[in-house]
Amino acid sequence: MPELPEVETTARLIRPDLVGRKVREVNVEWTRTLGGQDPFAFTEALVGATIVTVDRRAKWVRIALERRGKSVGTVLVHLRMTGRLVVNPSREEAPDYARVSWRLDRGTLHFLDVRKFGRMEFFRDPTERLAGLGPEPLGEDFTASWFRSALRGRSRALKPLLLDQTFLAGLGNIYVDESLFRAGLHPLRRSDRVPPRRADVLHAAIRDILAEAIEREGSSFDGFYRTPEGQPGGYQHLFQVYGREGLPCRVCERPLKRIVVGQRGTHFCTRCQPTPRS
DNA sequence: CTATGGCCCTGGTTGC
DNA sequence: TGCAACCAGGGCCATA
């Protein structure tokens, strides 16, 4: 499932094929991908516009558009579970599971999505849509001291709190489990009971793991995530706990455990991440 | 504020 | 072999 590293990789790899391109035609094959927006209005907003930037905020890919040198809006793409963005040379037939396609003056951008949870939405000003998001884990705002007091200010279990995009933006199920393992923290530990020193370790773990995963172009393990070029990522080879239920912990060799927390599969080591007292 | 559960979706896996 | 039930899960929403 695409999380920050996979979305970052996607944005980086499609950017060179998109920046400077003009949208010639838009095809909406699955209306709900537009998240309730009218397909005609969506198409009208895009056709004739030129792509000026492609970047990422949280798990959103942002594609900014202009006309005659003036900004006209931004398309936000959320890959959710199985979404992918790929750019094909023009004239090729739309690949399987193409939900929205943009024919460009050179090539075609396809939004592929098996499970149809993904979204592609147009905003004149995307600020409001992104307003509630927490800080970027790799950004300057996400400091150890901010994190320490932010944890103290909440009293939720770490796992759901780190998944909460309004608290911290970009983590998903995989990288939360991996970060908690590296920091030696149980997923059900309450955030306000994390000692400051340990909060610092978790802070570093989150940043280091995300950076390492970006270096390896994300994680591929279930046949879904691929880079826009069709290649699997490489970080799955470095998983310590995710998807390793029953296998020996790489640190202490005790079999790893899987529980369900907030309807999410949660993987951890009972020895390296001791159970909180209450 | 926090917790829980349903919903959206489909392909792959499991169970009989 | 065939088929139905079940599962994964990010974000959002309703409810307690």
**Asked** Could you go step by step and tell me if A/Ser219 and A/Tyr225 meet the side-chain contact (heavy atoms from CB on, under 4.5 Å) rule?
**Response** CA-CA 7 Å; A/Ser219 304; A/Tyr225 170 72; 5.8 Å; no
Side-chain donor-acceptor pair present, [X], [Y], cut-off under 3.5 Å:
X	Y	value
A/Lys159	A/Thr266	yes
A/Asn88	A/Thr108	no
A/Glu6	A/Tyr175	yes

Distances under 3.5 Å between nitrogen or oxygen atoms of protein and nucleotides 8-12 of chain B:
unit_1	atom_1	unit_2	atom_2	d
B/dC9	OP1	A/Arg32	NE	2.7
B/dC9	OP1	A/Arg32	NH1	3.3
B/dC9	OP2	A/Arg32	NH1	3.3
B/dC9	O4'	A/Arg115	O	3.4
B/dT10	OP1	A/Lys116	NZ	2.4
B/dT10	O2	A/Arg115	NE	3.1
B/dG11	OP1	A/Tyr97	OH	3.2

Is [X] close enough to [N] that one of its side-chain N or O atoms is under 4.0 Å from OP1 or OP2 there?
X	N	value
A/Lys59	C/dG11	yes
A/Tyr242	C/dG9	yes
A/His78	C/dG11	yes

**Parallel, tilted or perpendicular, as decided by the 30° and 60° cut-offs, for the rings of A/Phe167 and A/Phe147** =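 Rings of A/Phe147 and A/Phe167: tilted, 30 to 60°.
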**Closest non-hydrogen atom pair, A/Pro2 against A/Arg80** =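 Result for this residue pair: CD-O, 3.1 Å.
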**Lys/Arg-Asp/Glu bridge criterion (N-O < 4.0 Å) met for A/Asp164, A/Arg156** = yes
**Asked** Ion pair present between A/Glu136 and A/Arg56, side-chain N to carboxylate O less than 4.0 angstrom?
**Response** yes
In whole angstrom, give the distance that lies between atom [atom1] of [X] and atom [atom2] of [N].
X	N	atom1	atom2	result
A/Ile174	C/dA8	CD1	C1'	11 Å
A/Leu130	C/dC12	CG	P	11 Å
A/Arg258	C/dC7	CZ	P	10 Å
A/Phe167	B/dC1	CZ	P	13 Å
A/Arg264	B/dG5	CZ	P	13 Å
A/Glu121	C/dG11	CD	C1'	11 Å

**Message:** Between A/Phe268 and A/Lys257, does the side-chain contact (heavy atoms from CB on, under 4.5 Å) criterion hold? Intermediate values first, please.
**Reply:** CA-CA 6 Å; A/Phe268 68 104; A/Lys257 204 169 173 200; 4.2 Å; yes
Write out a two-atom table: protein N or O, nucleotide N or O from nucleotides 2-4 of chain B, distance below 3.5 Å.
unit_1	atom_1	unit_2	atom_2	d
B/dT2	OP1	A/Ser155	N	2.8
B/dT2	OP2	A/Arg154	NH1	2.5
B/dA3	OP2	A/Arg156	NE	3.3

Can you pull every protein N or O that's under 3.5 Å from an N or O on nucleotides 13-16 of chain C?
none

**Asked** Quick check, are the ring centers of A/His267 and A/Phe239 under 6.0 angstrom apart?
**Response**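 No: the rings miss the under 6.0 Å criterion.
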